[in-house]
Amino acid sequence: MNVEQFRADLRAWLDDHDLTPGPGDSLPGHMKQLARVHSALYEAGWMRYGWPVAVGGLGGPALLRAIVGEEVVGRRLAEPGPYSMVEVLAPTMIDYAPAELAAEMVPRLLSGREQWCQGFSEPGSGSDLASLATRAVPRGDDWIVNGQKVWTSFAQFSTRCILLARTAPGHDGITAFFVDLDTPGISIRPLRTMHGVDEFCEVYYDDVVVPSSRMLGKPGEGWRLAMDLLPYERSTCFWQRIAYLYSRFDELIAQAPDPDEFDLGAAYLALHMLRCRSRATQHRLADGARLGPETSIDKVLLATAEQRLYDAVHDLLPGAVELDQTPWRSEYLYSRAATIYGGTAEVQRNIIARRLLDLGKD
Ligand SMILES: Cc1cc2nc3c(=O)[nH]c(=O)nc-3n(C[C@H](O)[C@H](O)[C@H](O)COP(=O)(O)OP(=O)(O)OC[C@H]3O[C@@H](n4cnc5c(N)ncnc54)[C@H](O)[C@@H]3O)c2cc1C
């Protein structure tokens, strides 16, 4: 398929089909809008390009998904965070779920009928994810899960969760499950972030029964699944986030009363460097490459560009961050999390130093 023709056709379709969000700026509103956008795009086929036919897709390279994300998020039809969950979780299901389960479930996610979440982090296990303590113990044909997860984004809006649990000691003792969140024994408590949004949750699992048929991969393959998921988070997902940041950069130029060329130049340079890097990553993914630790570079560049952009907002729009209740304020505060979510900046730099530059342990 000709990628530029695809983009032109999609743009024409989006121009003809008004998916502009309604007024208001609440997270439940964003989630509703996301479902609306996914549903419309799925019905029209756009949300199915770049996904395998076996899971309801129409085939073609992953690049097509990146283009859909770029257009949708760049036009502010959906918020980048919730939109990105599909890009993180659907490829994981395709790679690890039994084929029938993936065929049944993935279309529900792509079409906006369901939202899913990612239950990895725990109170004592974030960067050191391999220390996670939520346990899954076999009982007949089921597994019984007990433990606590934290920072599970959008869990309160989700039907299902990709969960990591401990089934034996060590890295090889982590197993992944696809869990229905309405199973008895699961309690979800939203947490308020400093930008005033209940974006993520604590999720408690008390004697939760999960059928063996819901295991993703084999027992002990959860660590590999987690390592395979991260590069997805840093490829197509990043591409749409970059489009969103560019749209905010344009808005900043439009609103800044006295644009300082140095601040704007620094922000633009950081964004442009990120986009160049990410473009190469999208092409490698589309060419079938297995992405690995080199995506830590993309993560460092994304966090740097996002924070640089909102630092420029802070400097060039007096009071917008401190005094006004505009989206700039919550976006500025959220940008501080860019060096934490999806792997902290310090840990990414360690990975770059040790695994890419071979600089040794210290
Ligand atoms: C907005 C947001 C959304 C999130 N969504 C999800 C989600 O949906 N699902 C999910 O499972 N998790 C999610 N997370 C959790 C995220 O993955 C963790 O916050 C992250 O992995 C860091 O773990 P931690 O918070 O426990 O911090 P810690 O690991 O405790 O780190 C604390 C500090 O110590 C530093 N540090 C830790 N280890 C090292 C080291 N070895 N070398 C140098 N410095 C180190 C870190 O860089 C950091 O500055 C989300 C987080 C955020 C902010």
Side-chain angles (χ1 to χ4, degrees), residues 27 30-31 79-90 92 109 115-134 145 147-166 174 176-179 181 188-205 216 222-223 225-234 237-238 241 244 293 295-296 299-300 302-304 306-307 310 330-355 359-362:
L27 186 58
H30 292 160
M31 301 308 286
E79 290 297 304
Y83 186 90
S84 69
M85 296 306 285
V86 169
E87 284 298 335
V88 178
L89 300 177
T92 305
L109 185 65
Q115 173 76 38
W116 303 346
C117 60
Q118 176 188 337
F120 287 13
S121 305
E122 297 183 2
S125 306
S127 302
D128 184 15
L129 185 61
S131 69
L132 63 85
T134 294
V145 177
Q148 183 198 345
K149 295 290 171 178
V150 73
W151 320 130
T152 311
S153 295
F154 316 118
Q156 72 274 46
F157 302 102
S158 297
T159 321
R160 304 171 212 278
C161 179
I162 293 185
L163 178 80
L164 291 185
R166 180 157 299 292
I174 297 173
F177 296 91
F178 187 58
V179 178
L181 286 175
I188 299 174
R189 293 194 201 151
L191 292 168
R192 170 111 339 158
T193 62
M194 73 173 172
H195 68 297
V197 176
D198 295 350
E199 170 169 327
F200 38 43
C201 302
E202 294 176 306
V203 185
Y204 294 86
Y205 294 81
L216 301 180
W223 182 254
L225 176 148
M227 293 305 104
D228 285 350
L229 175 145
L230 277 178
Y232 283 117
E233 194 168 315
R234 295 171 186 170
C237 271
F238 275 14
R241 189 160 197 94
Y244 163 82
T295 58
S296 289
K299 177 71 216 299
V300 169
L302 177 96
T304 305
E306 183 152 348
Q307 295 189 349
Y310 287 100
S330 62
E331 288 173 41
Y332 173 86
L333 292 172
Y334 191 79
S335 72
R336 304 302 105 175
T339 38
I340 303 173
Y341 62 70
T344 71
E346 292 80 9
V347 170
Q348 301 319 302
R349 289 194 167 91
N350 279 346
I351 292 171
I352 293 166
R354 289 175 189 156
R355 298 183 59 188
L359 293 180
K361 261 194 162 307
D362 301 321

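Remember, it's 1-based here, ligands and their atoms both numbered in the order they're listed.
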Applying a heavy-atom cut-off of 4.0 Å, say which part of [X] lies close to ligand 1: side chain, backbone, both or neither.
{"X": "F154", "result": "neither"}
{"X": "L129", "result": "neither"}
{"X": "T344", "result": "side chain"}

Please assess V179 against V145 for the test side chain to side chain contact (heavy atoms under 4.5 Å, CB included), listing each intermediate value before the final yes or no. CA-CA 10 Å; V179 178; V145 177; 5.7 Å; no
Close N or O approach ([X], ligand 1; < 3.5 Å):
{"X": "Q118", "result": "yes"}
{"X": "F120", "result": "yes"}
{"X": "S125", "result": "no"}

Note the single closest protein heavy atom to [atom], along with its residue, its atom name and the distance in Å.
{"atom": "atom 28 (P) of ligand 1", "result": "S127 OG, 3.7 Å"}
{"atom": "atom 7 (C) of ligand 1", "result": "W151 O, 2.9 Å"}
{"atom": "atom 49 (O) of ligand 1", "result": "E346 OE1, 3.5 Å"}
{"atom": "atom 17 (O) of ligand 1", "result": "S121 OG, 3.5 Å"}
{"atom": "atom 45 (C) of ligand 1", "result": "V347 CG2, 4.1 Å"}
{"atom": "atom 42 (N) of ligand 1", "result": "N350 ND2, 3.0 Å"}
{"atom": "atom 52 (C) of ligand 1", "result": "Y341 CB, 3.4 Å"}
{"atom": "atom 19 (O) of ligand 1", "result": "I340 CG2, 3.5 Å"}

Looking at [atom], is any protein heavy atom nearer than 4.0 Å to it?
{"atom": "atom 33 (C) of ligand 1", "value": "no"}
{"atom": "atom 26 (O) of ligand 1", "value": "yes"}
{"atom": "atom 5 (N) of ligand 1", "value": "yes"}
{"atom": "atom 2 (C) of ligand 1", "value": "yes"}

Surrounding CH2 of W151 (heavy atoms of other residues, nucleotides or ligands, distance under 6.0 Å), is the total greater than 12?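 Open.
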With a cut-off of 6.0 Å (strictly less than), are more than 12 heavy atoms of other residues, nucleotides or ligands near CZ of R336? yes
So, the side chain of Q307 versus the backbone of S335: is there a donor-acceptor pair under 3.5 Å, distance only?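 Yes; judged by distance alone, with no hydrogens or angles, the pair exists.
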Could you go through the side chain to side chain donor-acceptor pair (under 3.5 Å) check for Y341 and E199 one step at a time? CA-CA 12 Å; Y341 62 70; E199 170 169 327; over 6 Å; no
Step by step, would you call V86 with W116 a side chain to side chain contact (heavy atoms under 4.5 Å, CB included)? CA-CA 8 Å; V86 169; W116 303 346; over 6 Å; no
Hey, what do you get for CD (Q115) to OG (S153), rounding to the nearest 0.5 Å?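 Between Q115 CD and S153 OG, I get 10.0 Å after rounding to 0.5 Å.
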Once you round to the nearest 0.5 Å, how far does CD of Q348 lie from NZ of K299? 6.0 Å
Closest to atom 24 (P) of ligand 1 (judged by heavy-atom distance), picking from G126, G124, G81: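 Heavy atom nearest to atom 24 (P) of ligand 1 belongs to G126.
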Does some side-chain heavy atom of K149 sit less than 4.5 Å from a side-chain heavy atom of C201? no
